[in-house]
Amino acid sequence: LHGISDYRARYQGVFAQYPKNPAELVNRLACGNVVVDHERVRRSPEGEPFEVLAIYTVRDGKIARVDFVK
């Protein structure tokens with residue numbers, strides 16, 4: 001995905017498909033301009049949880065890149 005409009009469209013679709021998609025922030029690490037969030041996500045409140053790493057690269061105070069590891 002490239003640009004805020006692509007991300008917005010992608011995640012509007014995800015949350016429309018899974019409107020009760022709870023995510024719990026387990027841990028956060030920051031080093032320089034990189035932030036890594038360890039999240040525990042469920043597709044529904046009763047769903048089986050799965051682990052995700054969200055890796056954010058920040059430039060000029062804004063998120064310039066996001067990578068996910070599942």
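Quick note: numbers below take in every heavy atom, side chains included, and nothing from hydrogens, waters or symmetry partners.
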Worksheet item: Residues in side chain to side chain contact (heavy atoms under 4.5 Å, CB included) with I55, at least two apart?
Response: V34, V36, D67, V69
Response to the item:
One should read off an interatomic distance between I63 CD1 and T57 OG1, to the nearest 0.5 angstrom, of 9.5 Å
Item to complete: Report the distance from atom CG of L25 to atom NE2 of H38, rounding to the nearest 0.5 Å.
Response: 9.0 Å
Worksheet item: Pairs in or reaching into residues 48-64: which pass salt bridge (Lys or Arg N to Asp or Glu O under 4.0 Å), with residues at least two apart or in two chains?
Response: R40-E51
Practice prompt. Answer yes if V58 and I4 sit in the same cluster of Ile, Leu, Val, Met, Phe, Trp and Tyr residues linked by side chain heavy atoms under 4.5 Å apart, and no otherwise.
Written response: no
Worksheet item: Taking only residues two or more places apart in sequence, or in another chain, which ones meet R28 in a side-chain hydrogen bond (donor to acceptor under 3.5 Å, both in side chains)?
Response: D37
Discussion item. Just so I know, are the side chains of R42 and F50 near enough to count as touching, which here means a heavy-atom distance under 4.5 Å?
Written reply: no
Going by atom type alone, with no hydrogens or angles, which donor-acceptor pairs under 3.5 Å involve a side-chain atom of residues 5-22 and a protein atom two or more places apart or on another chain?
residue, atom, partner, partner atom, Å
D6, OD2, H2, N, 3.0

